[in-house]
Structure formats: structure tokens, C-alpha cells
Novice: 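This structure is in C-alpha cells; I'll ask about it shortly.
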Protein chains: 2
Amino acid sequence: MTFTVFGTGAVGAYYGARLARAGHTVHFLVRSDYEVIKEKGLTVLSPEGDIYLDKPSVFNSPEAVPPSDVILIALKTTGNKNLKEQLKPLIARNTAILILQNGMGMEEEMASWFPSNPVLGGMCFICSRKKAPALIEHLDKGAVTLGCGDERDRALRDSLYSLFNEAGIETSVVENLREARWRKLLWNIPYNGLSVVLNSDTRELMTTEGARELVEGLMEEVLAGAAACRCPIEREAMEKMLHYTEIMTPYEPSMKQDYMAGRPMEIEYMYEIPLAQALENGCDMKKVRMLKDQLHFIQNRNLQKH
Amino acid sequence: MTFTVFGTGAVGAYYGARLARAGHTVHFLVRSDYEVIKEKGLTVLSPEGDIYLDKPSVFNSPEAVPPSDVILIALKTTGNKNLKEQLKPLIARNTAILILQNGMGMEEEMASWFPSNPVLGGMCFICSRKKAPALIEHLDKGAVTLGCGDERDRALRDSLYSLFNEAGIETSVVENLREARWRKLLWNIPYNGLSVVLNSDTRELMTTEGARELVEGLMEEVLAGAAACRCPIEREAMEKMLHYTEIMTPYEPSMKQDYMAGRPMEIEYMYEIPLAQALENGCDMKKVRMLKDQLHFIQNRNLQKH
């Protein structure tokens with residue numbers, strides 16, 4: 001199988017580099033760092049062994065990328081507004097689309113844009129960041145959970161599962177993609193938003209007295225929202241996630257990284273869509289809503305200042 | 001009537017100075033700035049005309065203060081832990097206690113400590129701050145709303161009402177002190193907490209796109225909490241308060257001032273007690289609870305750092 005990484009940031013570059021190192025053809029579509037990667041190659045620093053791609057197949061426009069079997073969507077959801085038009089040159093009759101973004105509702109949107117193409121979702125549990133142009137630092141984790149919205153894409157999901165694992169990406173599959181998205185939000189909703197609003201990181205959010213109430217209060221609402229959307233998640237998942245966060249390397253979640261770098265934050269797909277879906281099903285996640293409003297405030301204030 | 005100001009900060013010094021300027025005997029109990037006030041006097045800068053007390057009656061221990069008819073409690077509620085013991089030397093048989101603090105539950109607590117003394121509450125709508133030791137800056141407003149928990153104290157409340165107005169303090173009375181405390185919280189709960197958590201002031205909280213949802217979401221919960229506690233407040237009060245905040249001089253609320261000065265924040269009386277009272281009456285103010293948890297996080301993180 002051949003791959004195109006759409007959005008070569010901290011997530012896309014990591015998975016693309018792993019696949020390329022395993023011998024697969026991987027094209028990288030790059031916006032801002034095209035010249036640097038072209039010149040210097042692509043480096044991924046990792047505790048599991050650094051990866052250096054000397055001459056990656058890199059492009060700066062969708063039209064230039066050769067056809068491939070799978071498009072990995074790894075740009076931020078804040079770029080989804082123009083995604084449909086940008087993807088068109090890349091999507092042939094059987095091109096599969098694997099969405100590695102955070103949040104909710106991306107697969108449904110993608111399926112509405114390209115109704116005859118396979119659309120899969122991948123939840124990435126990874127701590128990574130861009131240190132400099134063409135230089136990605138992988139800090140911890142890296143597992144991917146694969147799911148599909150349409151039963152007909154199961155065989156493809158299972159092929160990718162095997163291929164990813166063989167390429168050194170710890171991968172699992174889920175039967176219910178929407179439930180898996182809610183599970184991911186159980187972490188993303190509290191830690192991303194609070195790290196921005198409270199100018200904090202996972203270590204402070206786990207060790208400061210009283211922080212547990214804050215994180216748990218949000219997680220409990222996400223559990224209620226998921227249950228209202230007929231994706232019930234067992235309560236122990238919350239305890240596991242808290243424990244997992246306690247033992248992982250202290251981390252600035254992606255939204256905090258975006259905020260600090262002056263990039264827009266992924267408020268729509270990570271907060272607004274889950275809030276709307278839960279509300280449609282009779283569950284108002286009030287604390288989540290307030291956190292969303294706080295993030296909007298912070299983002300809008302910065303926009304008004306600059 | 002003679003007065004003792006217990007806690008000569010931005011609020012106590014302002015009202016004490018107004019009363020002293022009107023010719024009343026006012027003793028000031030001062031903790032940290034005693035020497036400076038003794039030497040330089042007390043200055044209140046005000047758009048309504050500065051007040052300078054050349055030789056105020058100032059004391060640095062409760063035991064030293066001469067008897068007076070009314071004790072104005074104007075220290076922060078964060079100092080209430082030791083208040084009972086500190087007040088004892090000041091409280092004679094008929095000494096009245098007027099609580100000018102922010103929050104809820106102070107009058108009930110005071111009445112439990114001194115059950116035979118008149119206890120009144122005063123809601124101060126004032127923007128003021130301490131600029132330097134012995135130097136208070138009055139920025140805007142200054143009205144006081146007086147109420148009493150016990151019907152027998154009405155005559156005293158009305159006497160103070162007249163005396164305050166004659167001293168140039170715009171004063172009104174209310175029949176239901178608990179309702180008036182809830183009304184004050186309608187402002188205090190959103191603006192104090194958000195100004196700290198979002199590192200903001202009233203201007204940003206009124207003019208940033210999306211901020212209105214944030215403030216209103218909290219205010220709506222306070223209305224619900226008040227109603228649950230049998231202190232229903234008409235919805236128009238919320239609109240009035242938003243408008244009032246829009247037109248007032250931009251202001252860092254008292255909790256923001258405390259936070260920036262490294263003082264503890266008034267979380268207990270301004271958030272915890274109202275939250276507990278509403279919950280006892282079946283109303284969980286979830287957004288308010290999250291704001292309280294965020295304030296605790298910020299306070300505890302700072303304590304752990306220092």
C-alpha cells in the first residue's frame with residue numbers, strides 16, 4: 001500500500017516516518033516547511049530510536065502528489081474548512097482516507113464529501129511536538145486505534161491494522177468508531193482545555209491539590225454525554241485514564257502547543273461538535289460548555305489584540 | 001454614633017474616611033500599614049474629591065481600640081478564621097456589627113459568635129484599591145445596600161441608612177438580606193473568578209467576542225441557585241448588571257487584586273458557601289463549581305510553588 005500524509009506536523013510526520021522506515025512508499029504533503037524538508041530531510045527524535053529520512057517524497061501542493069492508496073489526514077481540524085477542495089486532486093476511485101485528527105464528526109463530514117471512498121478514523125495516543133522545521137520530537141506513547149464508520153471498510157481497517165503493527169506502530173482496532181472517539185475525548189476535553197485556560201501541563205493537572213476534582217468533573221460530563229449518544233463508556237475507563245496520565249511523561253497537550261505557538265485552537269471539533277451531539281441527545285455538558293466558552297474567550301481576545 | 005473600622009484596606013479605609021470627614025468618630029484598626037498611617041495620615045483619592053485624614057485614630061491591636069457603637073467589618077473573608085477571637089475585645093453589650101465583606105454566610109456566622117449583638121450586612125458596590133500603604137484609590141461607585149438578618153435590628157439599620165447618606169455614602173436598605181447577598185453574588189461570582197482564571201478585567205469580559213456567553217452562563221446558574229434558596233431574583237437584574245458593568249470604569253475585581261498581590265482569594269465565602277447552600281436546596285451550580293475548582297487549582301499551585 002502507498003500512503004500520502006496530508007499535514008506533516010508532529011503527528012503526521014511521526015506516523016509517516018514509521019511507515020517509510022518500514023519500506024512503504026510515503027508521500028508527504030507539506031505546507032510551511034517544504035523547502036527545509038526538501039533540503040535537510042525529515043528527522044524524528046524518539047526514545048524508541050531516532051528516524052531520519054534522507055530524501056523523503058515531499059510535495060507542496062496536492063496536485064503534485066502521485067496517486068496513493070491511503071491518505072492520512074494529519075493536519076489540525078482548524079484547517080478543515082478548505083480540506084474538501086484541497087483533497088479533491090488526491091482522491092481517486094478507491095482512495096481510502098484515514099483521519100488521524102482529534103475531535104468528533106470528522107469522519108461523517110469526510111464521508112459526506114467523498115461518499116464512495118472508504119473513510120476510517122484513527123485515534124492517536126501520542127505525545128509529540130515539532131521542535132523546529134523538519135524536526136519532530138516524539139516524547140511518549142504512539143499507539144493508534146483504528147475504526148471505520150461503514151461495515152464495508154472492515155477488511156481495509158484490518159489490513160491497515162496488520163501493516164501498521166508490522167511497521168512498529170502499536171495498533172488496535174475497535175468495532176464502534178464513535179464510541180472510540182468519545183473515549184479519546186475523555187482525555188482530550190479536560191486536559192487540552194484546562195492546560196490552556198490554567199496555563200498548565202499534565203503534571204500540574206495531576207499533582208496540584210484540588211486538580212483531580214476539576215479533571216474528574218469534566219470527565220464525568222463526557223461519560224454522560226457519551227452515554228446520551230448511545231456510546232456508553234464504563235466508569236473504570238476514567239480511572240484508567242487518570243492513572244495513565246499520572247505515569248506518563250509530563251506533557252503540554254496539543255491545544256496548549258497550538259495556543260503557545262499562536263495557532264488557532266481546535267475548539268470546534270474537540271468541543272463544539274461533541275457538545276452539540278450530546279445536547280441533541282438531551283445531555284448538556286455544562287462544565288465542558290464553560291470550558292469551551294473560556295477557550296473561545298482566550299482565542300478571541302488574542303485575535304482582537306493582534 | 002462612633003465607629004471602628006476593622007480592616008483598613010481599599011473598602012474599610014474608604015467608608016471610614018467618608019464617615020470621619022462627615023464629623024463622626026472613627027477608629028481604624030490597621031494591621032500592616034499601622035506605622036505609615038500613624039506617620040503620614042490616610043489619603044483617599046476619589047473622583048468625588050480626595051479625602052485626607054491628617055491624624056486618624058489608628059490602632060494596631062483590638063485591645064487598644066476605645067469602645068464604639070458600630071464595628072465595620074471590612075477585612076477580607078480569608079481572615080475570618082481568627083476573627084471571633086480578635087473581635088472579642090471590641091464587642092460590648094450593645095455593640096453593633098456591620099459586615100461589609102463579599103460573599104455569603106458571614107452574618108449567620110457572626111450571629112452565632114455574638115448572639116446578643118445586632119448584626120447587619122452591607123453590600124458595597126465600589127471600585128477601589130490600595131495604591132500604596134496609607135493611600136487608597138477610589139475609582140468608581142461607592143453605594144452601600146444595608147440589610148439585617150433579624151427584624152429587631154431594623155431601627156438600627158434605618159439610623160445607619162440616614163447617617164451614611166448624610167456622610168455622602170449613597171445608601172439604600174433592603175428587607176431581605178439573604179436575597180441581597182445573592183444579588184451581589186450575581187456580579188461577584190462571574191467577574192471575580194473569571195478575571196483571575198482568564199487573567200482579565202471587566203472591560204475584556206464585556207467586549208471580547210463570546211465573553212457574554214461565559215458571564216451569562218454563570219449568572220444564570222446564580223439566579224437558579226438563589227431561586228432554589230427561596231431568594232428569587234428577577235431575570236432583568238442580570239441584564240441590568242451586565243449593562244452596569246459595560247458602562248463602568250474598567251476594573252480588576254477584588255479577587256484579581258488579591259491574586260496579583262499574592263494574597264489568598266476569597267473562595268470560601270464567595271463560592272463554596274453559596275455552592276453548598278444551593279446544593280442543599282437541590283441546585284447544583286455546575287459552572288460555578290468548575291470556576292471554584294479552577295480557582296482552587298490556581299491558588300494551590302501557587303502555594304505549592306512558593
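Per chain, numbering begins at 1; letters A, B, ... match sequence-line order. Any value given below was found using the heavy atoms of this structure, including those in side chains, with hydrogens, waters and symmetry copies removed.
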Novice: So, taking the atom named CD1 in A:I267 and the one named CD1 in A:I273, what distance separates them when rounded to the nearest 0.5 Å?
Specialist: 12.5 Å
Novice: Among A:L194, A:V197, A:I298, who wins on heavy-atom pairs under 4.5 Å with chain B?
Specialist: A:V197
Novice: Applying side chain to side chain contact (heavy atoms under 4.5 Å, CB included), can you list everything that pairs with B:A180, at least two apart in sequence or on another chain?
Specialist: B:M123, B:V174
Novice: Of the backbone (N, CA, C, O) and the side chain (C-beta and beyond), which part of B:L291 lies under 4.5 Å from a heavy atom of chain A, both, or neither?
Specialist: both
Novice: Heavy-atom distance under 4.5 Å to chain B: side chain of A:L205, backbone, both or neither?
Specialist: both
Novice: Could I get the full list of side chain to side chain contact (heavy atoms under 4.5 Å, CB included) partners for B:P133, not counting sequence neighbours?
Specialist: B:D33, B:V36
Novice: Would you list the pairs meeting salt bridge (Lys or Arg N to Asp or Glu O under 4.0 Å) in which at least one residue belongs to residues 185-197 of chain A, sequence neighbours left out?
Specialist: none
Novice: If you measure from SG on B:C231 to CG on B:L223, what distance do you get to the nearest 0.5 Å?
Specialist: 12.0 Å
Novice: Look up atom CG in A:L139 and atom CD1 in A:I126, then write down how far apart they are to the nearest 0.5 Å.
Specialist: 9.0 Å
Novice: Between chain B and chain A, identify every pair of one donor and one acceptor N or O atom lying under 3.5 Å apart.
Specialist:
{"unit_1": "B:L198", "atom_1": "O", "unit_2": "A:R301", "atom_2": "NH1", "d": "2.8"}
{"unit_1": "B:L198", "atom_1": "O", "unit_2": "A:R301", "atom_2": "NH2", "d": "3.0"}
{"unit_1": "B:N199", "atom_1": "O", "unit_2": "A:R301", "atom_2": "NH1", "d": "3.1"}
{"unit_1": "B:E204", "atom_1": "OE1", "unit_2": "A:R301", "atom_2": "NH1", "d": "2.7"}
{"unit_1": "B:E209", "atom_1": "N", "unit_2": "A:Q304", "atom_2": "OE1", "d": "3.0"}
{"unit_1": "B:E209", "atom_1": "O", "unit_2": "A:N300", "atom_2": "ND2", "d": "2.7"}
{"unit_1": "B:Q294", "atom_1": "OE1", "unit_2": "A:Q294", "atom_2": "NE2", "d": "2.9"}
{"unit_1": "B:Q294", "atom_1": "NE2", "unit_2": "A:Q294", "atom_2": "OE1", "d": "2.9"}
{"unit_1": "B:N300", "atom_1": "ND2", "unit_2": "A:E209", "atom_2": "O", "d": "2.7"}
{"unit_1": "B:R301", "atom_1": "NH1", "unit_2": "A:L198", "atom_2": "O", "d": "2.8"}
{"unit_1": "B:R301", "atom_1": "NH1", "unit_2": "A:N199", "atom_2": "O", "d": "3.2"}
{"unit_1": "B:R301", "atom_1": "NH1", "unit_2": "A:E204", "atom_2": "OE1", "d": "2.8"}
{"unit_1": "B:R301", "atom_1": "NH2", "unit_2": "A:L198", "atom_2": "O", "d": "3.0"}
{"unit_1": "B:Q304", "atom_1": "OE1", "unit_2": "A:E209", "atom_2": "N", "d": "3.0"}

Novice: Within this structure, what is the CG-CG distance for the pair B:L83 and B:L87, rounded to the nearest 0.5 Å?
Specialist: 4.0 Å
